[in-house]
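Here's the structure we're looking at; comments come further down.
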Amino acid sequence: MGIEQKQKPTRNLALELVRVTEAGALAAARHFGRGTKTNADQAAVDAMRLLINEIDIDGKIVTGEGQKDQAPMLYSGEIVGNGSPPELDIAVDPVEGTTLVAKGMPNAIATIAAAPRGTMYDPGPMFYMSKIAVGHEAKDVIDINAPVWDNLQKIARAKGMAVGDLTVVVLDRPRHDALIQDVRDCGARIRLIPAGDVAGALMAAWPGTGIDVLLGIGGTPEAVIAACGLRAMQGAFQGKLWPRDEADRQLAKETGYDLERVLTLDDLVSSEDTFFVATGISEGPLLNGVTYSEGYAHTHSLVARGLTGTVREITAYHHMDKLAEISPIPY
C-alpha cells in the first residue's frame, strides 16, 4: 500500500491533555502529606478545569470520581473545552488517591481519558466493579468468571513464567480477604495498595512495574479511564458490576444494569481512537511523583493513544517563578 493510500497523521489530543494532568498534579502536590484530601482534590479540579477549557474540544464528562465520595469534582454531564470540534466523551479523576496525597503516601496520580462522543460506557449509579486486567501477553487467556488459580496459571503460561513469579496487585480492603488468601494459596506474590486502581490496571500492562495482573473490586469510573490506557498498551480487561448491598442490587435492576454481564475493553470504550494521560503526584511503580529543585517542579507523565498504540513518557521541568507570573493557579 502506497503512502498516499494510508491515513495521514491526525491530531493527538493526548499531547494537549497532558498539560491538564500536569496542572492537576502540580496543584495537588502542594497538599502532599498535609492531611487534607479535600483540599488536594479541589486544587486539582480547579487547575484541570482551567486548562481543559482552553483546549479546542467539545467535551462532555461521562464519569468523574466526585460522585462516589462526595469530593470536589468535574461532574458527570459537565461540558468542557472551548466548544470547538471534535465532540468527545471525557472520563476524569483529578486525584486518584486523595487519601494517598493527604497522608504523604505513594502511587497518587492525576488522570484523564477521552474518546469520540458516545463511545464511553456510562456506569450510571453503579460505583463498583469486580476487575481483572493484564498486559498484552495474557490478553487472550483471562476469564473473570474462572477461579483465581485458573487465571493465574494461564497468565503465567502466557508470560512464560511460573505462578510463583507472578505479582498480583490488589486494593487493600476487607472485601478482598478471601481473594488475597486465594492468591497466596496459588503461590503468587501480592502487592497490596491502599488506593489507585487506575494505576493498578496500567501497572499490569506497562513494562518495568513488576506487576503482572490486577485483581479485585474497585471503582467503575476508574475502569473506564483505565480502559482507554489499556487500549494503547494492548492490554486486556474484564469487569462485572459489583453491588455493595441489596439496595445497589435493586438499583441495578431498576436502571437496567446487568450484574452478570462481563464488560470488556470494547464495552468500556467502543472506539480505538482513545486518549489517556496520567501524571504522577506521588512516587509509584507506574510514575514518578512531583518533585522540586532549584526553582523548578518536575513531573512525569504517560501519554497514550489507542489508534496508534503509541505511549510516550514525558518528563517536564516547570519554572515556578514564571508560572506564578502568568497563572492564577497556586502551583
Side-chain angles (χ1 to χ4, degrees), residues 10-29 44-57 59-65 73-74 80-81 86 88-97 107-116 119-120 196-203 205-206 209 221-235 265 268-269 271-282 284-290 297-318 329 331:
T10 54
R11 181 181 172 198
N12 186 346
L13 280 165
L15 291 171
E16 299 172 56
L17 290 170
V18 70
R19 293 180 63 211
V20 178
T21 57
E22 286 175 347
L26 288 167
V45 166
D46 292 343
M48 291 177 74
R49 181 178 280 120
L50 179 70
L51 269 291
I52 197 171
N53 283 336
E54 296 303 314
I55 298 177
D56 290 337
I57 59 172
K60 182 179 180 180
I61 295 179
V62 173
T63 181
E65 179 65 10
M73 60 177 174
L74 288 154
V80 295
L88 298 174
D89 286 344
I90 304 288
V92 59
D93 196 346
V95 179
E96 191 199 29
N107 214 39
I109 64 173
T111 184
I112 194 168
T119 62
M120 275 189 186
D197 62 335
V198 171
L202 272 294
M203 286 179 210
W206 187 239
T209 65
E222 288 87 346
V224 177
I225 297 171
C228 294
L230 287 168
R231 272 204 178 278
M233 295 180 184
Q234 309 302 305
L265 289 184
L268 296 176
V269 57
S271 172
E272 285 284 347
D273 197 12
T274 60
F275 304 95
F276 169 87
V277 186
T279 300
I281 300 171
S282 57
L286 185 68
L287 288 162
N288 298 325
V290 176
H298 314 279
T299 57
H300 180 210
S301 304
L302 284 180
V303 178
R305 186 176 189 184
L307 186 66
T308 60
T310 300
V311 184
R312 293 175 170 87
E313 291 188 75
I314 295 180
T315 301
Y317 297 78
H318 308 268
I329 300 298
Y331 295 123

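Bear in mind the structure is a predicted one, so any value in this text is a computation, not a measurement.
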- Message: I'd like to know if the side chain of Ser282 reaches the main chain of Asn107, judged simply by a donor and an acceptor atom lying under 3.5 Å from each other, with no hydrogens or angles considered.
- Response: yes
- Task: Run the salt-bridge test on Glu54 and Arg19 with the 4.0 Å N-O cut-off and return the result as yes or no.
- Result: no
- Please assess Ile112 against Ile52 for the test side-chain contact (heavy atoms from CB on, under 4.5 Å), listing each intermediate value before the final yes or no. CA-CA 10 Å; Ile112 194 168; Ile52 197 171; 3.6 Å; yes
- Message: Set out, in order, the CA-CA distance, both residues' side-chain angles and the distance that settles side-chain contact (heavy atoms from CB on, under 4.5 Å) for Leu287 and Thr279, then state yes or no.
- Response: CA-CA 7 Å; Leu287 288 162; Thr279 300; 5.7 Å; no
- Item | Intermediate values then yes/no, side-chain contact (heavy atoms from CB on, under 4.5 Å), Glu313 and Trp206 | CA-CA 11 Å; Glu313 291 188 75; Trp206 187 239; 3.8 Å; yes
- Query: Between Thr119 and Ser271, do the side chains contain an N or O donor and an N or O acceptor separated by less than 3.5 Å?
  - Reply: no
- Just by distance, do the side chain of Asn288 and the backbone of His300 share a donor-acceptor pair under 3.5 Å? no
- Query: Can any side-chain N or O of Glu96 pair as donor or acceptor with the backbone N or O of Thr111 at less than 3.5 Å?
  - Reply: no
- Ignoring hydrogens and angles, state whether a donor on the side chain of His318 or Thr299 is under 3.5 Å from an acceptor on the partner side chain. yes
- Item | Candidates Val311, Val18, Ile109 - the one meeting side-chain contact (heavy atoms from CB on, under 4.5 Å) with Leu302 | Val311
- Got a sec, which residues hit side chain to side chain donor-acceptor pair (under 3.5 Å) with Thr274, two or more places apart in sequence or on another chain? none
- Between atom CD1 of Ile61 and atom CE of Met120, what is the distance when rounded to the nearest 0.5 Å? 10.5 Å
